[in-house]
Amino acid sequence: MRKLLKVGLFVILGLLVLAFTIPIFYKSTIMEAIKTQASSSINGKFEFKDASISLFRDFPNLAISIEKPQCLAYVNQDTSLLFNGTEIIISLSLWKLLRDRQNTVIKSFGLIKPIINFIQFDSLHNNAQILKTDSNAETVNSNTSLEISYYYIKEGELNYTDKFSNTSSKINNLNHSGNIVQTNDILNLISNTQIQSISYYSNGIPVIENLSLDSKLNLNYSEQNSKYVIKESVFNLNNLKLLCNGDIQLLKDSTIMNLAIESPGNEFKDLFSILPNAFTKDYKSVESSGTFMFKVELNGIYSALNKFYPNWDLQCSIEKGALKYPQKQLKIQDVALEIKSGNSDISGKDAYLNINSFKMNLNNQLLNGSLQLTDIFQNSTVAGTLKGILNLADLSAFYPMAAGTELSGVIKPDLEFNFNQKTIENSQYSDVKLQGSVLCDLIKYKTKDLPEIKVDQAAIKISPELIVINELNSSFGKSDLKANIIWQEPLKYFTPESSIKLKIVSKSNLVDLTEWISEATPQQNKPNDAALTANDLEGVQVSFESTIAKLVYPEYKITAVKGSGELIGDQLILHNFSAEINYNQIQGKGSFTNLAAYMF
């Protein structure tokens, strides 16, 4: 017995010696092997500062730590930083790994402060497509399993840029955890997610800003059927709680969906909280009354290729909504909204969206409107109204603006419209109803990042043939602008050709460009940057006549600027141009092509 104990003791000591010595003496070999193996399997490069393997950090499991990892992607003739972070931590069941290589058990997998930069180059290519394909690779045995007992992301950041659609999003302070069990081709995931801030931008304009998320997701995925099943999951968006369940199946050229989303709550303040900047730190103290209802169901096939559309039924309503922030002077009240949208035909011919009524009362000034869209996908008919008064100073006295924002002035819309797509495409304007005006008076807008923008006066008259802005009197920082603007056939913008035809006659005493020129910084590709491309200028036609008494630009003294010409798509044509630059008189004419690439 004593001899057996000695043998056991020597074995344990031997294992301890190996556990200490292998990571020390073979550390550089192990690190190089990880880098080489990872980089050889991707179109990119995987690097890290340091790595360690230990049996003691999470005994009896094998703990692997990779410090300061980063992954470069070589995709679409571009090099981008796809991923970097503080640390990757993996804990494996060593005994199970040695005993059964077909069934892997990962005790834990963690990403500490990861930053993921996802770039969509076009409709088919993105920088995450880095895995190399190997036609000689062995077929994986389907009778395998993977279990990740616990995985987590701490303080993550995700940046998404879609260069194809000029949209982007940013997620800050992502904390995510869960467990994964995969048996054969079936994967089950249960996770919890907290995100401090979600922002989404379209053409540089914020659509969603600083939206928080707290979610619990129960997901089942079948690789063989490409089918996701969502089981009674909960998503909290700011103060709004949504319940979601159903399934989505991804086929080669279509998607089959059966989804139901609804809000179990009914307080007006819950729905209001998802508006940009609305969800403040003291939102619990907001005074509110009124109710809302939100429910949507999707069922059927969607295929962009075949122009198939699922059935859907969406309902959202607000009744007697009122809300006041504790730190604000004014209160919004009498808010009412009724939205209904649906489709019952696979071709989408029955698809509609109705905003039957919208109204709000801010400081005893009413704003109301309606909108009806029928036959959305084929020959859209649009009808509605927008009337009332919006006092921007009152809005600022009610609504929490971004820090450093100043807003004032009055907008008075009085609009009625009724038209369909084919009538516009055929220029049959006698059959189009579009009439009214928008009056703007003493508008002032300023943010902490931009100089003050002022519109002293602008009267916008609207008809099917023309939108006319007469005697626009405005300033942009130190610069002034007086102009008359005519937008010909404005409804053509909403047709497939999406054309814009403008005529601008302007006069300025001073144009100071130094206020609008920002110095280059290392963060040139931040999510809310809007990069102008040739596609954005397609269908744009602008004729102009302009005079500028003094133009301020770094290192140049420019006066007596006069010019006329046309912007046609990505080409600028100057018919006449004259100016005095650094006391030298210059005159000329000509054209510039590929304008977007040259300027932006």
Side-chain angles (χ1 to χ4, degrees), residues 30-53 63-92 104 106 108-122 124-134 146 148 150-164 167-180 182 187 189 191-201 213 215 217 221 521-529:
I30 294 170
M31 288 176 61
E32 193 60 36
I34 294 173
K35 290 181 180 179
T36 302
Q37 184 63 30
S39 296
S40 65
S41 62
I42 63 173
N43 294 310
K45 187 176 183 180
F46 180 73
E47 294 183 318
F48 52 87
K49 182 179 180 181
D50 200 2
S52 64
I53 301 175
I64 303 171
S65 171
I66 300 175
E67 297 181 13
K68 298 291 179 69
Q70 76 167 24
C71 179
L72 297 174
Y74 305 151
V75 180
N76 203 45
Q77 299 181 339
D78 183 78
T79 299
S80 61
L81 179 61
L82 176 62
F83 166 85
N84 68 338
T86 300
E87 189 178 13
I88 299 175
I89 303 171
I90 306 171
S91 181
L92 300 169
T104 305
I106 299 176
S108 66
F109 176 86
L111 300 176
I112 311 300
K113 295 185 177 180
I115 301 175
I116 301 169
N117 302 299
F118 187 92
I119 302 172
Q120 187 74 34
F121 297 108
D122 52 42
L124 299 175
H125 304 95
N126 61 69
N127 70 331
Q129 296 169 324
I130 59 174
L131 290 178
K132 292 180 178 178
T133 56
D134 186 359
L146 168 67
I148 302 178
Y150 179 68
Y151 74 93
Y152 58 93
I153 298 172
K154 290 185 177 180
E155 299 180 40
E157 179 182 317
L158 173 63
N159 300 307
Y160 171 78
T161 302
D162 190 334
K163 294 185 176 181
F164 182 66
T167 60
S168 57
S169 60
K170 185 177 181 66
I171 292 176
N172 284 325
N173 199 6
L174 164 66
N175 292 282
H176 177 77
S177 63
N179 64 76
I180 298 173
Q182 180 179 6
L187 181 146
L189 178 147
S191 67
N192 295 287
T193 303
Q194 293 83 38
I195 298 175
Q196 184 181 34
S197 171
I198 302 172
S199 298
Y200 174 77
Y201 305 86
L213 171 69
S215 70
L217 176 64
Y221 172 66
T521 66
Q523 298 177 335
Q524 286 297 308
N525 292 322
K526 61 184 181 180
N528 56 330
D529 279 344

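Remark: Gln194 CD to Leu213 CG distance equals 8.5 Å, nearest 0.5 Å. Taken from CG in Asn179 to OG in Ser108, the straight-line distance is 12.5 Å, to the nearest 0.5 Å. Rounded to the nearest 0.5 angstrom, Ser91 OG and Ile64 CD1 are separated by 9.0 Å. From Phe109, atom CZ reaches atom CD1 of Ile153 across 8.5 Å, with rounding to the nearest 0.5 Å. Interatomic distance, OG1 of Thr167 versus OH of Tyr200, reported as 4.0 Å (0.5 Å rounding). Taking OG of Ser80 as the start and CG of Leu72 as the end, the distance is 7.5 Å to the nearest 0.5 Å.
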For a side-chain hydrogen bond (donor to acceptor under 3.5 Å, both in side chains) check, start with the C-alpha distance between Glu87 and Ser65, then their side-chain angles and the critical distance, and finish with the verdict. CA-CA 7 Å; Glu87 189 178 13; Ser65 171; 2.5 Å; yes
(message) Between Asn175 and Glu155, does the side chain to side chain contact (heavy atoms under 4.5 Å, CB included) criterion hold? Intermediate values first, please.
(response) CA-CA 6 Å; Asn175 292 282; Glu155 299 180 40; 4.3 Å; yes
### Task
I would like to know whether Asn159 and Ile116 meet side chain to side chain contact (heavy atoms under 4.5 Å, CB included); could you show each step before the answer?
CA-CA 6 Å; Asn159 300 307; Ile116 301 169; over 6 Å; no
- Could you walk me through whether Cys71 and Ile130 pass the side chain to side chain contact (heavy atoms under 4.5 Å, CB included) check? CA-CA 10 Å; Cys71 179; Ile130 59 174; 3.9 Å; yes
Check: Going through the distances and angles, do Leu174 and Thr193 end up as a side chain to side chain contact (heavy atoms under 4.5 Å, CB included)?
Finding: CA-CA 7 Å; Leu174 164 66; Thr193 303; 3.7 Å; yes
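Below 30°, between 30° and 60°, or above 60°: for His176 and Tyr151 the angle between ring planes is between 30° and 60°, a tilted geometry.
By the 4.0 Å N-to-carboxylate-O rule, Glu157 lies too far from Lys113 to be salt-bridged with it.
Inter-residue side-chain proximity for Phe83 and Leu111 is flagged as met; some heavy-atom pair is nearer than 4.5 Å. Put simply, the side chain of Lys170 does not reach to within 4.5 Å of the side chain of Leu158, judged on heavy atoms. The closest side-chain heavy-atom distance from Tyr152 to Ile89 is below 4.5 Å. A heavy-atom distance below 4.5 Å is not found between the side chains of Tyr201 and Ser169.
Between the side chains of Thr161 and Gln120, no donor-acceptor pair of N or O atoms lies under 3.5 Å.
Under a 3.5 Å cut-off, the side chain of Asn127 and the backbone N or O of Asn117 do form a donor-acceptor pair.
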